[in-house]
Structure formats: C-alpha cells, structure tokens
Amino acid sequence: MARSLVIKATAGADGPERVNQAFTVAAAAVASGLEVSLWLTGESAWYALPGRAAELELPLATPLDELLQVVLAAGRVTLCTQCAGRRGIGPDDVIPGIRIAGAPTFVEEISAEGVQALVY
C-alpha cells in the first residue's frame with residue numbers, strides 16, 4: 001500500500017514561514033510520488049482564491065503560487081467549509097481544482113490506513 005500525506009495549513013500572511021513550509025512539504029511529497037492532500041484552513045483559506053498565493057513573498061522560498069500549482073497538478077487541495085464561509089468564499093470564487101469540504105471529509109482522510117497527517 002502506498003503511503004499518503006494529509007497536510008493542514010492554518011497560517012496565512014500572519015505566519016508566512018509556516019504556510020510556506022506546509023506548501024513546500026506538500027509539493028515535495030507530490031514530487032516524491034506520494035498521494036498528497038493539502039487542506040487550506042484558517043488564514044490559509046485565502047490562498048484558495050486566484051492570485052492570493054502570488055501575494056505572499058518570503059525570502060529564499062519558492063513562491064507559494066508555484067508550490068500550489070505543483071500540488072494541484074498531481075495532488076488534491078481542499079478548502080475548509082467553515083473557513084470559507086467565515087470569509088465569504090464560495091465554490092465559484094476558488095481556483096479551479098480546489099474543492100470545499102468539511103471536518104467529516106478531513107477525518108475520513110486522516111483516519112485511512114497508511115496516512116500521515118501534518119499540521120502547520
């Protein structure tokens with residue numbers, strides 16, 4: 001059985017290093033051939049919107065929008081339902097390929113056999 005990685009990003013512009021770490025690990029895991037699911041929660045929810053990931057600048061780091069595209073190309077990206085709702089973000093607002101789902105889906109993903117969950 002192949003191992004999977006579920007990564008929950010909770011930070012945004014309030015924690016640029018933390019959010020960049022989450023996206024970097026997700027992209028590296030995709031490049032390594034792992035099944036990857038990246039969850040955007042809390043302030044990371046804003047990165048589900050077109051153009052928002054490009055706004056984050058962090059010296060010596062791969063741009064967030066490039067990392068997001070890597071994960072979208074070969075992994076799964078999910079925006080937390082409640083986090084989206086609190087920010088007025090709807091399904092028509094997000095980058096194509098990003099789904100909106102809630103806690104039951106997250107719990108289902110992290111409780112599957114062979115899954116490692118990380119929270120940033």
Side-chain angles (χ1 to χ4, degrees):
M1 169 182 283
R3 291 189 40 88
S4 304
L5 193 58
V6 177
I7 300 169
K8 181 185 264 195
T10 62
D14 59 329
E17 286 184 303
R18 200 162 21 121
V19 72
N20 190 271
Q21 288 170 1
F23 280 57
T24 299
V25 169
V30 164
S32 296
L34 292 178
E35 182 180 322
V36 175
S37 177
L38 175 63
W39 281 73
L40 306 177
T41 68
E43 287 301 296
S44 287
W46 294 115
Y47 300 123
L49 298 176
R52 292 301 285 267
E55 295 174 5
L56 184 84
E57 293 185 18
L58 184 63
L60 306 176
T62 302
L64 207 64
D65 58 335
E66 291 178 26
L67 298 169
L68 180 57
Q69 290 307 312
V70 169
V71 179
L72 278 169
R76 180 172 47 246
V77 180
T78 305
L79 171 59
C80 163
T81 303
Q82 289 184 16
C83 302
R86 281 190 284 273
R87 290 160 179 81
I89 300 171
D92 294 333
D93 300 321
V94 301
I95 296 166
I98 295 180
R99 68 178 178 165
I100 298 177
T105 304
F106 180 76
V107 170
E108 180 181 341
E109 285 189 18
I110 65 168
S111 61
E113 188 174 336
V115 172
Q116 172 69 51
L118 302 172
V119 178
Y120 287 89

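Given the structure is predicted, the values throughout are model-derived calculations rather than measurements.
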Report the residues that fulfil ring-ring contact (aromatic ring centres under 6.0 Å, His included) with Y120, sequence neighbours left out, ordered by chain and then residue number.
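Y120: no ring-ring contact (aromatic ring centres under 6.0 Å, His included) contacts found.
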Over all heavy atoms of both residues, which pair between [X] and [Y] is shortest? Give the atoms and the distance, please.
X	Y	value
L79	A48	CD2-CB, 3.9 Å
A9	A22	CB-CB, 3.9 Å
A74	V30	CB-CG1, 3.4 Å
A27	V71	N-CG2, 3.7 Å

Atom [atom1] in [X], atom [atom2] in [Y]: separation rounded to 0.5 Å?
X	Y	atom1	atom2	value
S44	R18	OG	CZ	8.0 Å
E108	S37	CD	OG	10.5 Å
I98	L38	CD1	CG	8.5 Å
F23	L56	CZ	CG	9.0 Å

With sequence neighbours excluded, tell me which residues meet side chain to side chain donor-acceptor pair (under 3.5 Å) with [X].
X	value
T24	N20
T41	none
Q21	none
R99	T78, E109

After noting the C-alpha distance and the side-chain angles of I89 and W46, does the key distance pass the side chain to side chain contact (heavy atoms under 4.5 Å, CB included) rule?
CA-CA 8 Å; I89 300 171; W46 294 115; 4.0 Å; yes
Remaining members of V115's ILVMFWY cluster at a side-chain heavy-atom cut-off under 4.5 Å?
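V115 shares its hydrophobic cluster with V6, W39, F106, I110.
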Any pair with a residue in [range] that passes salt bridge (charged side-chain N to carboxylate O under 4.0 Å, His left out), sequence neighbours left out, goes on the list, sorted by first then second residue, please.
range	answer
residues 24-33	none
residues 87-97	E43-R87
residues 52-61	R52-E55

Taking ring pair (Phe, Tyr, Trp, His ring centres under 6.0 Å) as the cut-off, I'd like each qualifying pair that reaches into residues 47-102, sequence neighbours left out, listed once.
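Non-adjacent pairs meeting ring pair (Phe, Tyr, Trp, His ring centres under 6.0 Å): zero.
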Donor-acceptor pairs under 3.5 Å, side chain of residues 59-70 to any protein atom, not counting sequence neighbours: which ones?
none

List for me each residue that meets side-chain contact (heavy atoms from CB on, under 4.5 Å) alongside A29, sequence neighbours excluded, and say none if there are none.
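With sequence neighbours excluded, A29 shows a side-chain contact (heavy atoms from CB on, under 4.5 Å) to L5, L34, V36, given in chain and number order.
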